[in-house]
Amino acid sequence: MNLDGLNVAQKEAVLSVEGPILVVAGAGSGKTRVLTHRIAHLIESYDIFPSSIMAITFTNKAANEMKSRIEALVGPVTSQMWVGTFHSLCVRILRRDGHHIGYSRDFVIYDTADQKALIKTCFKALNLDEKQTPIKTFQYKISGCKNDMVTPEAYEINFHKDPRERDFIKLYKMYQDKLKSNQALDFDDLLIKTIELFKKYPEVLETYQKKFKYIHVDEYQDTNKAQYMFVRMLSAKHRNLFVVGDGDQSIYKWRGADIRNILDFEKDYPGAKIVKLEQNYRSTQNILDLANGVIKKNPGRRDKNLWTDAEAGEKIRYFQAYDEKDEARFIVNQIKREIREGNFNQTDFAILYRTNAQSRVLEEALNIEAIPYKVVGGLKFYERKEIKDLMAYFKLMVNGYDDVSFLRVINEPKRSIGDKTIERLNAHALERGTSLLEACATVHEIDGIGGKTAEAIAEFYKIITGLKAKLDTEYAGNIFDELVSGIKIIESYEKERSEEADGRIDNIYELKTVIEEFEKRQDHPGLRDFLAETTLKSDQDNIAEVEDGVLLMTLHASKGLEFPSVFLVGLEQNLFPSFRAQDDMEELEEERRLCYVGITRAEKLLYVTHAKNRNHFGRFEPRMPSVFLNEMDQKLIEVMGERSLAAALKDAKPKEISVFDIKTPKKNPYFANVTQKEAPVVEKTEQTFAPGDKVTHRVFGAGMVVTVDKVNNTLTIVFDAHGIKKLDPAIAPIKVIG
DNA sequence: GATGCTGCGCAGAAA
DNA sequence: GCGCAGCATC
């Protein structure tokens with residue numbers, strides 16, 4: 001194994017073989033290189049079977065890249081390795097061994113839309129009012145529970161006394177029951193159920209423990225409790241756990257990631273070896289200095305300072321726009337200029353923003369100048385209605401218990417089947433204890449469904465069961481054709497005679513191509529695997545090898561990627577950092593890490609922009625510059641645009657002082673302004689809080705005080721809809737109720 | 001039961 | 001500025 005190309009720290013990491021190892025890998029420090037070389041080294045120098053190696057990555061794209069890079073080092077042995085995301089590896093385990101806990105190999109995976117639909121049917125059954133509690137609130141809450149491994153039973157034990165929790169307890173239970181009877185798992189279940197399997201069947205766990213002697217986890221800082229548990233259980237026997245991560249890039253707290261997993265690694269795995277990678281191979285020194293300066297403002301992090309051999313490079317370019325359109329125009333002009341001057345080509349640019357909604361204006365500006373671009377994320381191919389419909393048909397063929405998919409397509413295309421019919425069908429199914437699809441078999445026995453409606457249902461049933469019988473013998477492409485002609489979906493869209501419908505028809509044909517390609521690629525093709533793979537696709541997975549244009553994406557989606565030239569846009573208070581961080585210090589720290597992630601995506605050139613005004617909900621509003629701009633070292637920054645810094649300052653109203661006027665921001669000066677303006681002063685008068693107090697927060701709604709920390713001046717509050725927050729009572733818009 | 005219109009609420013990030 | 005829910009109409 002040739003390790004000449006590695007630096008000292010990287011070599012040390014690669015050559016560490018036994019025991020728990022944490023590699024603290026700063027942005028751009030070559031962690032993928034370390035991971036791939038370490039695995040190659042295991043195989044080549046230690047004769048470790050590839051089949052006893054597991055590597056968990058954040059995206060499928062990262063997994064594939066890792067596989068091909070290892071292959072380049074040691075040859076084609078990687079098919080034996082288990083490389084994938086937490087979710088895909090769990091699917092693999094559950095397909096094999098899920099039967100122990102009552103799941104057939106044909107289980108389906110519910111995405112957030114399916115999940116929402118199922119919660120909706122639970123709402124109906126429980127007579128809950130959507131207006132009282134939006135479905136989304138409960139959806140988040142269920143996911144939050146699962147990320148923390150809180151079962152419905154455990155939740156009930158803890159909260160049954162609280163009348164406000166009664167609805168949720170009932171809903172959570174019913175939701176889980178229905179998932180089970182539908183033979184479906186949501187994203188979070190994939191992990192939860194795998195852990196449940198391991199706990200209930202230690203002999204199953206043991207076979208996996210024995211098999212996987214070496215386990216690797218990438219992006220360890222973003223693991224949640226369930227993922228932590230999964231890794232911990234699997235690695236318990238051999239204790240050869242190699243994790244790579246960077247606490248400064250932890251940006252997924254909101255989906256349960258627990259930064260303590262990486263901070264406490266030595267405690268969890270005594271005797272762990274720690275290797276720090278601080279040399280950066282991606283960015284110029286100026287970009288790194290800017291990033292280091294910003295992230296330093298976060299307390300309680302592992303000290304780490306990125307450095308590079310590379311030159312200082314260009315300064316960071318700052319632009320203050322009049323509004324979001326002006327910001328977009330500036331960006332497009334810069335891109336045009338850089339291309340014209342031959343410094344970059346169009347594939348070198350990425351525009352990073354905080355919220356998806358910001359992409360629209362940017363797209364319009366790019367369109368005007370005919371610059372090709374691709375938006376990563378947003379409405380994905382598999383989220384389009386016509387595609388989801390067809391996928392639901394497939395799910396139903398694979399798994400007839402899937403009532404959610406049944407309800408999605410029973411009247412799609414239109415078969416004149418409405419609420420009444422579905423109610424009757426549902427009652428019939430309930431009575432017989434069958435799935436909705438099975439209930440269709442005896443549709444002629446149902447009172448109130450007759451004539452054309454009964455015929456339509458019988459026909460539907462015939463198509464599904466007919467195709468189901470061919471699943472294992474017929475090519476997926478042929479099944480697709482039979483389905484499409486059977487349900488007359490093309491004809492139905494043709495009838496609409498609209499451009500939109502034509503687009504949908506194109507997408508349907510596109511889906512066929514995708515299925516056929518999948519079939520060619522896989523060793524054991526099957527719709528089951530196709531469905532799982534597409535459901536578990538991430539935004540990053542959808543970026544093609546060679547994109548021929550500017551990439552637009554959220555900061556979250558940009559994690560792990562790099563671009564020669566980056567625009568970090570919309571650096572405004574209450575946008576980036578998000579309005580939800582305005583008086584929540586932990587949230588603000590996470591936003592700051594997000595800012596750090598954004599800055600460190602850039603290789604050569606970085607732009608930071610903000611607008612003085614922005615349309616929000618269709619209203620034109622003035623905007624304050626982001627606190628993060630204050631935190632950037634202005635020596636590294638060059639001001640762009642015809643509007644000089646001096647002019648920008650003169651323009652600004654007295655309160656809108658330029659960000660560069662503020663020397664050492666202790667607390668964000670804009671917080672005070674914003675909260676005073678929006679929250680009546682009454683709410684801010686001196687209040688005392690005690691544990692147990694019911695409070696209400698302007699943004700987070702109702703909650704209860706759990707702890708009062710007078711030393712750090714922090715309240716810990718559990719909010720009904722937003723989970724646990726640590727707030728500063730002096731600035732948070734909260735008041736005691738009841 | 002299907003279709004089309006209006007108005008409300010809203011958008012933080014996702015496998 | 002957009003999407004969805006609810007309502008009116010065919």
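Each chain gets a letter, A, B and so on, in the order its sequence line appears, and its residues count up from 1.
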Subject >> Counter-base of C:dA5, judged by Watson-Crick or G-U geometry with both distances under 3.5 Å >> reply: B:dT6
Original post:
Centre of A:F107's six-membered ring, under 6.0 Å away, within 45 degrees of the axis: is that where NZ or CZ of A:R95 sits?
Top reply: yes
Original post:
Base, sugar-phosphate, or nothing for A:R360, non-hydrogen atoms under 4.0 angstrom?
Top reply: sugar-phosphate
Subject >> A:T223 and A:N261 side chains, donor-acceptor separation under 3.5 Å >> reply: yes
Original post:
If you measure from the P atom in C:dG6 to the same atom in B:dA11, how many Å do you get, rounded?
Top reply: 15 Å
**OP:** Specify the separation, in whole Å, of atom CG of A:N615 and atom C1' of C:dC2.
**Re:** 13 Å
**OP:** Give one of base, sugar-phosphate or nothing for A:L555, where a contact means two heavy atoms less than 4.0 Å apart.
**Re:** nothing
Original post:
Whole Å only: how far is the CG atom of A:L575 from the P atom of B:dA13?
Top reply: 10 Å
Original post:
Within less than 4.0 Å of OP1 or OP2 of B:dA14, is there a side-chain N or O belonging to A:N356?
Top reply: yes
Original post:
With no angle test and no hydrogens, is the base of B:dG12 tied to the side chain of A:E591 by a donor-acceptor pair under 3.5 Å?
Top reply: yes
**OP:** Could you pick out which residue, A:G418 or A:R354, lies toward the 5' side of DNA chain B when each is mapped onto its nearest nucleotide?
**Re:** A:G418
Original post:
Picking from A:R593, A:R592, A:R301, what satisfies side chain to side chain donor-acceptor pair (under 3.5 Å) with A:D248?
Top reply: A:R301
Original post:
Quick one: the side chain of A:E587 and the base of B:dG12, do they pair up donor-acceptor inside 3.5 Å?
Top reply: yes
Subject >> A:V404 backbone acceptor or donor facing A:D402 side chain under 3.5 Å >> reply: yes
**OP:** Starting at atom CG of A:L94, determine the distance to atom P of B:dA15, rounded to an integer number of angstrom.
**Re:** 20 Å
Original post:
Once you round it to whole Å, what is the distance between C1' of B:dA13 and NZ of A:K253?
Top reply: 13 Å
Original post:
Going by distance alone, is a donor N or O of one side chain under 3.5 Å from an acceptor N or O of the other, for A:Y175 and A:Q115?
Top reply: yes
**OP:** Give none if B:dG12 has no partner; otherwise give the nucleotide forming a Watson-Crick or G-U wobble pair with it, both distances under 3.5 Å.
**Re:** none
Subject >> Among B:dG12, B:dA11, B:dA14, the nucleotide that comes nearest once only the side chain of A:K136 is considered >> reply: B:dA11
Original post:
Between A:T421 and B:dG1, is there a side-chain N or O to OP1/OP2 distance below 4.0 Å?
Top reply: yes
Subject >> Closest to the A:S578 side chain, choosing from B:dG12, B:dA13, B:dA15 >> reply: B:dG12
Subject >> Distance below 4.0 Å between A:T554 side-chain N/O and B:dA14 OP1 or OP2 >> reply: yes
**OP:** Select one nucleotide: of B:dG1, B:dG12, B:dA14, the one nearest the side-chain heavy atoms of A:Y140.
**Re:** B:dA14
Original post:
Can a cation-pi geometry be assigned to A:R619 and A:F617, taking NZ or CZ under 6.0 Å from the six-membered ring centre and within 45° of the ring axis?
Top reply: no
**OP:** Could you state the atom-to-atom distance from CZ of A:R415 to P of B:dT3 in whole Å?
**Re:** 14 Å
Original post:
B:dA15, B:dA2, C:dA5: which one has an atom nearest the side-chain heavy atoms of A:K120?
Top reply: C:dA5
Original post:
On DNA chain B, nearest-nucleotide positions of A:S143 versus A:D419: which is more 5'?
Top reply: A:D419
**OP:** Scan side-chain atoms only and decide if A:N615 and A:E324 contain a donor-acceptor pair under the 3.5 Å cut-off.
**Re:** yes
Original post:
What is the distance, rounded to the nearest whole Å, between atom CZ of A:F230 and atom P of B:dA15?
Top reply: 19 Å
**OP:** Scan A:E533 against the nucleic acid and name what it touches under 4.0 Å (heavy atoms): base, sugar-phosphate only, or nothing.
**Re:** nothing
Original post:
B:dA15, B:dA11, B:dA13: which one has an atom nearest the side-chain heavy atoms of A:A357?
Top reply: B:dA11
**OP:** Compare side-chain N and O positions of A:N411 against OP1 and OP2 of B:dA2 and report whether any pair is under 4.0 Å apart.
**Re:** yes
**OP:** Please work out if A:D539 contacts a base, only the sugar-phosphate, or nothing of the nucleic acid, heavy-atom cut-off 4.0 Å.
**Re:** sugar-phosphate
Subject >> d(CD, A:Q582; C1', B:dG12) in whole Å >> reply: 13 Å
Original post:
Can you tell me how far C1' of B:dA2 sits from CD1 of A:I417, to the nearest Å?
Top reply: 13 Å
Subject >> A:W254, nearest nucleotide to its side chain (from C:dA5, C:dG1, B:dA14) >> reply: B:dA14
**OP:** Check every strand shown and say whether A:G618 touches a base, only sugar-phosphate, or nothing at a heavy-atom separation below 4.0 Å.
**Re:** base
